[in-house]
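In what follows, a single structure is set out as structure tokens and then discussed.
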There are 2 protein chains.
Amino acid sequence: MAVRGRQCSIADALAVIGEKWSLLALREILLGERRFDQIARNTGASRDILATRLRTLVDAGVLTRRQYEAHPPRHEYVPTEAGRALQPILLNLMDWGDRYVAEGPPPTVWRHSCGADLRPQTVCAHCGEPVTEEGVSPVRLGPVR
Amino acid sequence: MAVRGRQCSIADALAVIGEKWSLLALREILLGERRFDQIARNTGASRDILATRLRTLVDAGVLTRRQYEAHPPRHEYVPTEAGRALQPILLNLMDWGDRYVAEGPPPTVWRHSCGADLRPQTVCAHCGEPVTEEGVSPVRLGPVR
DNA sequence: TCAGTGGGTTGTGAAATCCAACTTTGCACG
DNA sequence: CGTGCAAAGTTGGATTTCACAACCCACTGA
């Protein structure tokens, strides 16, 4: 996707959700905010940039734009399956921010359906063991263009 | 951290690693590339921007810059614990890109120490069940400033 | 009639990015 | 000695993106 650099799905993913404000907009939408004004307020993004980002996300199939009122026409943004699949990534990012960037107690806390406060952990789907930097190695790498 | 918008560790995390090229540089460094020229080539980032990003990441404690040769002075970039903790996030991002963005087979494949090709999965550290959008809910939210 | 709401678009100026070329410190070769 | 090469950036100038406030349109409710 990127013209130069390694061919890699991380780059592909970032081409869709890596621009400024995209992930914060997604955060709000996954929190249940679906209206443009509310997303703008809660992210702090300027309205013009936010409009562009939401269009990109809709075009990429991460969100859909749904009319919820005909007169006057009003729209809301709803996550697709691809959008919902970003929830774990956002939670991991939040956890990383809590641990290594933010000072003080976590501003946001999530609960898992099991009843515990959520601490997200990435595991190998095959064996269930946590994924660490030492425990993984690349088998095949994309070529550098 | 952000001036406006919801106080949130996702925003804090993105302030450190959310700028263009940061995560791709991290990808290369976690792949073992530690030299400026090589990181520049493999990401496709222009050298001036890359230099600024690496400085930011060093200042944030995600990388350290280590002299590996005195005459002439040469430096390499090594991930800190915070940097290594981003590996799971990058793998999740890659998986998302493989599934929802890239066409064709995954360009990069990782192997877990258990022997299987890695499919990363985010679980609740308490109960071990996979984290899905429906299975989590916010208990406390950061205020919107 | 007049203010308010939702969902944007427009204009303008500031900031970030891109690209190519250049710099610095040294080594190796002929 | 002079030339070439490498690593790790820095510099200048053009281009692109972003930020901010203002505006627009279609309604609603008082």
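This one's a predicted model, so the numbers in the text were calculated from it and none came from an experiment. Chain letters run A, B, ... following the sequence lines, proteins first, then strands; residues in each count from 1.
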Strand contacts (DNA chain C) in residues 61-68 of chain A, 4.0 angstrom heavy-atom criterion: A/Arg65, A/Tyr68

Using whole Å, report how far CG of B/Asp48 lies from C1' of D/dG12. 11 Å

Please list residues of residues 49-57 of chain A whose heavy atoms come under 4.0 Å from any atom in DNA chain C, ordered by number; otherwise none. A/Ala51, A/Arg55

Rounding to an integer number of Å, can you tell me how far B/Glu76 CD sits from D/dG9 C1'? 16 Å

Side chains of B/Glu33 and B/Tyr77 only: does a donor on one sit below 3.5 Å from an acceptor on the other? no

Interatomic distance, A/Trp21 CH2 vs D/dT17 P [rounded to whole Å]: 18 Å

In whole angstroms, how far is the P atom of D/dT16 from the CD atom of A/Glu19? 15 Å

If you find the nucleotide of DNA chain D closest to A/Ser46 and the one closest to B/Arg47, which residue's nucleotide is nearer the 5' end? B/Arg47

Donor-acceptor pair under 3.5 Å, B/Arg35 side chain vs D/dA8 base: no

B/Glu28 with A/Arg6: basic N within carboxylate O range, under 4.0 Å: yes

Would you say A/Thr80's side chain and A/Ala82's backbone share a donor-acceptor pair under 3.5 angstrom? yes

So, is A/Arg74 near the phosphate of D/dT28, with a side-chain N or O under 4.0 Å from OP1 or OP2? no

Quick one: does any side-chain atom of B/Thr43 pair with a main-chain N or O of B/Ala45 as donor and acceptor, under 3.5 Å? yes

First and last nucleotide of DNA chain C, 5' to 3', lying under 4.0 Å from heavy atoms of chain B: C/dT17 to C/dG26

Co-membership, hydrophobic cluster, residues A/Leu31 and A/Val109, 4.5 Å side-chain: no

In whole Å, what is the span from the NE2 atom of B/His75 to the C1' atom of D/dA7? 11 Å

Kindly compute the distance separating CZ (B/Arg66) from CZ (B/Arg34), expressed to the nearest 0.5 Å. 9.0 Å

Connected via hydrophobic side-chain network under 4.5 Å: B/Leu91 and A/Val123: no

N/O donor-acceptor pair under 3.5 Å between A/Thr122 side chain and B/Thr122 backbone: no

Would you say A/Lys20 reaches D/dA19's phosphate, i.e. side-chain N/O to OP1/OP2 under 4.0 Å? yes

Are any non-hydrogen side-chain atoms of B/Thr108 and B/Trp110 less than 4.5 angstrom apart? yes

Looking at B/Arg74, B/Arg35, B/His75, which hits side chain to side chain donor-acceptor pair (under 3.5 Å) with B/Tyr68? B/Arg35

Presence of salt bridge, A/Asp59 and A/Arg55, under 4.0 angstrom: no

